[in-house]
Every structure is written in C-alpha cells, then in structure tokens.
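Below is one structure, written out as structure tokens; comments come after it.
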Amino acid sequence: MTESPCAWIYAIADEAAPVFTGGPIGVGGGAARPLSAAGLTAIVGSVAQSEFGEAALRQNLEDLDWLERTARAHHEVIETVAKERPVVPMRLATVYSSDEAAAAMLRKRADDLRQALTRITGRSEWGVKGHVAEPDDSAAGRQPETGDSASGPGAAYLRRRRAQLAARQDARQEAVVGAQAVHAELSRLSASARVYPPQSPEIAGSAGVMILNAAYLVADEWAEEFGATVTELAARHRALQLTLTGPWPAYSFVGQDGTEAAR
Amino acid sequence: MSEISSTTAPYHPAIREERVALVDLLDRVLAGGVVIMGDVTLSIADVDLVTVSLRALVSSVSALVEGMDDSRENS
C-alpha cells in the first residue's frame, strides 16, 4: 500500500512541452504529466507497483484484455500530446522505479532522443495494409444451375473447382506483385519506410491473406499526396485490397529500426 | 474499359479505418517506440521476456512476404 509509485513513460517532447490542465487520463487511471530534464520533457504517469512492477507486468502482458486496455491508454495520451507538438513515442511498458530514475534516463539518452525528435518533426506515420482481394469464385467457374452436361455433375464440379483454385492462385500472385509495386511507390513519397510482419487473420479478424503491412514516415505537406496515391494505387492494383491508417504518432521511426531506415 | 459499374463493387478504394484497430496498435506499441534497456522495470525489447502468446500477436504467419520483411531494404 505504501509502496512508492513507478513512472510510466509515454513519450518524449521538447522543452516547451505542454503543461496539462488535468492531463489526459492514461495507463492505470492516472493523469499524464510533464517531467523535464536535460532540455527535454517526458510525458509520464504514476502507476502502481502492484500492477506495473516487474513481476506484475510480466504477468499482465499475458492478459489480452489488460494488454488492450493498456495499449489504448498509452496510445491515447501519446496522440493527445502529438496533436500539439512533435513527440517521440516510447515502447509500451517503459516503466521506471521513480521520477528521478526517469529523469536520469532523459539526461543519459538526451542526444538520441533529440535526434529522434528532429527526425519526426513535421512528419507523420501512415500505415498501409494490403490483403489479397478475394476473386469472385462464381465468375471463375460459372456453370448452369442444372449441371447436367454430358460429363455429369461430378465432372462439372471438378472443372469449376479447378477454375476457382487457378483463379485464386493468379489473384494471389498478382497481389504479391502489386504489393511490391505499391511499397516501392509509397517509399518514394516517404522519408522512411518500415515493413511489419503480416498480421494473422485470426488476430486481425479479417478473412483475407495479408501481404503488405507497412508504415511510412511522410512529411506533413505530402500527406494529401500520399493519401491520393494510395487511392490511385488501389484502383490500379485491383488484386490488392489496400487499407490506409493514420496519421499515427511516429511509433515505427524512433527505435533502432527506424533509425536504420531513415537516411 | 468500363466493366466497373456502380452496381458491381467499385475499385477497392483505400479504406480509411475510423477506430484504431488493436492489431495495428500492437504492431506499433510492441515493436515500435523508443526502446530503453537496462534500468527499466522490464523491457519488451528483451525477447526472452516476451511470451509466446504475445509474440504470436505481433508476428504471425509470414512466409509469403519474407523477402519484404526487412526495414533496412526500404530506403
């Protein structure tokens, strides 16, 4: 009960970071607040050791409901701040034992963090997902309802089935080629790009096969162009079902991978 | 070619999703963001600590795009 709270870090902003009035409610129900050191401001919140200490955290991360609640709370605070100014998001569950320990990290990592901040300033992250568009099975092997051709309904079924499978194969092949073209073109409009592993259909709750799961760091003045290009690409590559998400805080471009991708 | 009429499906337009999908969020908050090792309570970057079930969420079936699965190739 009397354990001192831990400091959950949401994101890093520059010195002139917002002073919250009331603060957005974040992880664990506490309000987010600024914590300044080394000319930077961390957006932090106090969280209970009983829920966010190492042992508890390890266990809670296994609980999908807890994970969702926490991820959404983390994101909402970051997004709130990101509307006001550039922020470097922290990975989920970056927890320090105290504000002092968090401030020490700011001092130690100030150069890296400032670099990351510079990289993402004036830019936003956009997500583009590509699924194989399901071919129209009925069109592939269309057959009269009666099915009583000379070769009988069994053969007719097999013929239809073969045609369907061939159509699916073609569609997938076309979608893969399309995804590569889409990624190449969108990368050209971006300061940086990052490809994530495809999401599994069970988790994503979608039926289709995902073949592109990418994030792009796009200058704000190019955002409109980027969106228009995605729409245009979707029209050009009909074998591919494209989904655009964003703008996101630049989650995908502040870590090691983002650093390497950015030139 | 005007095979696309308003009665059939239009182009596959790039759909903007309104609510942030949990999977998209988990991709980012579990695999993106600044990673601090060392004096944090527990770091998700430390793969050993991330359990199988959690990993299953973020990286899934993927043989298809193995070749594209490297951010360093992109720039």
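Within every chain, numbering begins at 1; the chains are lettered A, B, ... in the order of the sequence lines, protein sequences first and strands thereafter. The figures that follow rest on heavy atoms only: side chains count, while hydrogens, waters and symmetry mates do not.
- With a 4.5 Å cut-off on non-hydrogen atoms, A:R72 touches chain B through its backbone and its side chain both.
- Considering every non-hydrogen atom in both B:A31 and A:Y196, the closest pair reads CB-CE2, 3.8 Å.
- Contact annotation for A:A71: both backbone and side-chain heavy atoms come within less than 4.5 Å of a heavy atom of chain B.
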* CA sep, side-chain torsions, deciding dist, call: A:R109, B:V34, side chain to side chain contact (heavy atoms under 4.5 Å, CB included) -> CA-CA 11 Å; A:R109 295 285 299 261; B:V34 171; 4.0 Å; yes

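- Shortest non-hydrogen contact noted between A:W248 and B:D24 is CZ2-CB, 3.7 Å.
- Using a 4.5 Å cut-off between heavy atoms, A:E125 touches chain B through its side chain atoms alone.
- Looking at heavy atoms from C-beta onward, A:T245 lies out of side-chain contact with B:V20 at the 4.5 angstrom threshold.
- For the side-chain contact (heavy atoms from CB on, under 4.5 Å) with B:L25, the lone residue among A:H75, A:H74, A:E68 that qualifies is A:H75.
- For a residue to count as touching a neighbouring chain, one of its non-hydrogen atoms must lie under 4.5 Å from one of that chain's; by this rule A:A214 touches chain B with the backbone only.
- Between A:R91 and B:V29, the shortest heavy-atom distance links the atoms CG-O, 3.2 Å.
- You'll find the side chain of B:L26 reaches within 4.5 Å of the side chain of A:L67, heavy atoms only.
- Looking at every heavy atom in both residues, A:S252 comes nearest to B:R28 through OG-CG, 4.0 Å.
- There is no contact between A:I12 and chain B, counting heavy-atom distances below 4.5 Å.
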